[in-house]
Amino acid sequence: MKILVIGSGGREHALVWKLAQSPRVAQVFCAPGNAGTAQIATNLPIPIHDHDALVQFARAEGIALTVVGPDDALAAGIVDCFERAGLKIFGPTQSAARLESSKVFAKEFMQRHGIPTAASGHFSDSAAAHRFCQTNRYPLVIKADGLALGKGVIIAQTAEESAQAIHDIMEERQFGAAGNQVVIEEFLTGQECSVHALVDGAHYLLFPAAQDHKQIFDGDQGPNTGGMGTFSPPAKLVTPEMMERIHREVMEPFMAGLKKDGLRFRGLLFPGVMVTAEGPKLLEFNCRFGDPETQVLLPRLKSDLVDLLEATVDGTLDAVRPEWDPRAAVCVILASGGYPGAYAKGKPITGIDEAGALPGVTVFHAGTARVEGTLVTAGGRVLGVTALGDDLCAAQARAYEAVAKIHFEGATFRRDIGAKGL
Ligand code: AMP
Ligand code: GLY
């Protein structure tokens, strides 16, 4: 069969890498892809928002399954378009993807169905938002309602900071239409874990947990990024008891909520969970694979990913039992100097083959391109270096051994990925 993957990041390279290993798959296409996907798939110069062109390609080429990577494609209704054309596609519809694309919709869903989350209010009027802050204790978390590339969440320590955040989001429209409403919520203390579950509408299947590192600098300092590195499993944070609570307190009420609301969700649900002293509390729903969570989860998956994704789309998840590699995985992101702010592109990259030759190491490309035969940087997050090891310590050592072999001008990475789990 032929498969089409939509997107161009490290997550998509990992998806293409895993799908291409399936004996059932003859060819993988990636739109638009990066220099890494180009080595194992056929990249297509079709932008992800050109749904008509993607549908036309899938029809003409006889694509048996399309897999959507990024949240904005889901929010724009790419799944609805493919389904209208009678094409099989993995991901939630536009209406179900509101669980990620609207924080107000997600918060109301959590509250309606008893999923533990931070106490909050939401406002479409900035004066009411300002008043709410005056009657609540700091720190407060201010969130723009829509997708804002992970930047629409501000943790305000003082009244001045919350006033500024509300002004920037609602009055200055720093995040555009995402500022029509804000959610303001209590600050939760704890460590975050990333949960991935395949959901076919009636059943769900949990992956092992992962832990991300959102801030740019070691020790969780500096501004938030898309994610600077991951490891799996986070055995200290997500104990078997905590996993059991995530089943009972997050996933089961989620599935019951879908049914009660008549919401059809098929795809990957990735709840961001804060592990607090009181138990798991939901920070947000993501409706797609995490990046760079995928880069540690798929190398640990021993089963055929095509079977799992197909079962999700077909509603037969209860019939599949994936097998997982018990080894640990660590992924270290190499980013361009300056990221998550402004950064230069076009810096030549060397050492990937040497790094990838180490046992258990896979180098996933994110912002890379090939220009006149030379591999160069082309984005903020450039590479994700994943290593498997017998335990977390071994995986971490191997990942950093591989990172040391890769060079490009300005390369920036955290030196403490995995340290939380040791
Ligand atoms: P979100 O997009 O809602 O997950 O928020 C982005 C990031 O902001 C999260 O990954 C957390 O690190 C942080 N965050 C969001 N909500 C809270 C909260 N209520 N308390 C503490 N940190 C939060
Ligand atoms: N790494 C976090 C995310 O994909 O949202």
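We count ligands from 1, going down the list as the structure has it; atoms in each ligand are counted the same way. Computation of the quantities below employed the complete heavy-atom set of this structure, encompassing side-chain atoms and omitting hydrogens, waters and symmetry-equivalent molecules.
With ligand atoms numbered from 1 in the order given, ligand 2 contributes 1 (N), 2 (C) to contacts under 4.0 Å with heavy atoms of D212. Listed by number with element, the atoms of ligand 2 under 4.0 Å from a non-hydrogen atom of G290 are 4 (O). Atoms of ligand 1 lying under 4.0 Å from at least one heavy atom of E185, given by number and element, are 16 (N), 17 (C), 18 (C), 19 (N). Heavy-atom proximity to P292, at under 4.0 Å, picks out these atoms of ligand 2: 1 (N). Atoms of ligand 1 found under 4.0 Å from any heavy atom of M274, numbered from 1 in the order shown, are 21 (C), 22 (N). Within ligand 1, counting atoms from 1 as listed, the ones closer than 4.0 Å to a heavy atom of K103 are 1 (P), 2 (O), 3 (O). For ligand 2, the atoms sitting less than 4.0 Å from at least one non-hydrogen atom of G226 are 1 (N), 2 (C), numbered in the order shown with element in parentheses. For ligand 1, the atoms sitting less than 4.0 Å from at least one non-hydrogen atom of K214 are 10 (O), numbered in the order shown with element in parentheses.
Counting heavy-atom neighbours within 6.0 Å of D50 CG, excluding the residue itself, gives a total above 12.
Remark: K88 engages D314 in a salt bridge, criterion side-chain N to carboxylate O under 4.0 Å. Using a 4.0 Å cut-off between charged side-chain N and carboxylate O, K103 and E185 make no salt bridge. Taking a cutoff of 4.0 Å between a charged side-chain nitrogen and a carboxylate oxygen, K214 and E192 qualify as a salt bridge.
Relative ring orientation between H365 and H13 is described as perpendicular, the plane-to-plane angle rising above 60° on a 0-90° scale split at 30° and 60°. The aromatic rings of F132 and F123 sit tilted, their planes meeting at an angle between 30° and 60°. By the 30° and 60° cut-offs, the orientation of the rings of F109 relative to F285 is perpendicular. Aromatic ring pairs are classed by plane angle as parallel below 30°, tilted from 30° to 60° and perpendicular above 60°; the pair Y204 and H247 is tilted.
For ligand 1, the polar-atom distance check against N224 finds no nitrogen or oxygen pair separated by under 3.5 Å. Checked against a 3.5 angstrom limit, the closest N/O atoms of V153 and ligand 1 fall outside it.
Looking at E284, Q191, E192 and measuring to atom 11 (C) of ligand 1, the nearest heavy atom belongs to E192. The heavy atom nearest to atom 15 (C) of ligand 1, out of those in K107, Q215, K143, is found in K143.
Contact analysis puts F270 in contact with ligand 2, with a non-hydrogen atom separation below 4.0 angstrom.
Contact annotation for E293 and ligand 2: only side-chain heavy atoms (C-beta onward) come within less than 4.0 Å of the ligand. For V141, every heavy-atom contact with ligand 1 shorter than 4.0 Å involves the side chain, none the backbone. Contacts between E186 and ligand 1 below 4.0 angstrom, taking non-hydrogen atoms only, involve the backbone exclusively.
Aromatic rings of Y138 and F187 (six-membered ring for Trp) have centroids beyond the 6.0 Å cut-off, not under it.
Cation-pi check for R11 over F289 is not met; the charged atom does not lie both under 6.0 angstrom from the ring centroid and within 45 degrees of its normal.
Among all non-hydrogen protein atoms, the one lying nearest atom 5 (O) of ligand 2 is R288 NH2, 2.9 Å.
Under the side chain to side chain donor-acceptor pair (under 3.5 Å) rule, D145 has a single partner from S101, S102, S124, which is S102.
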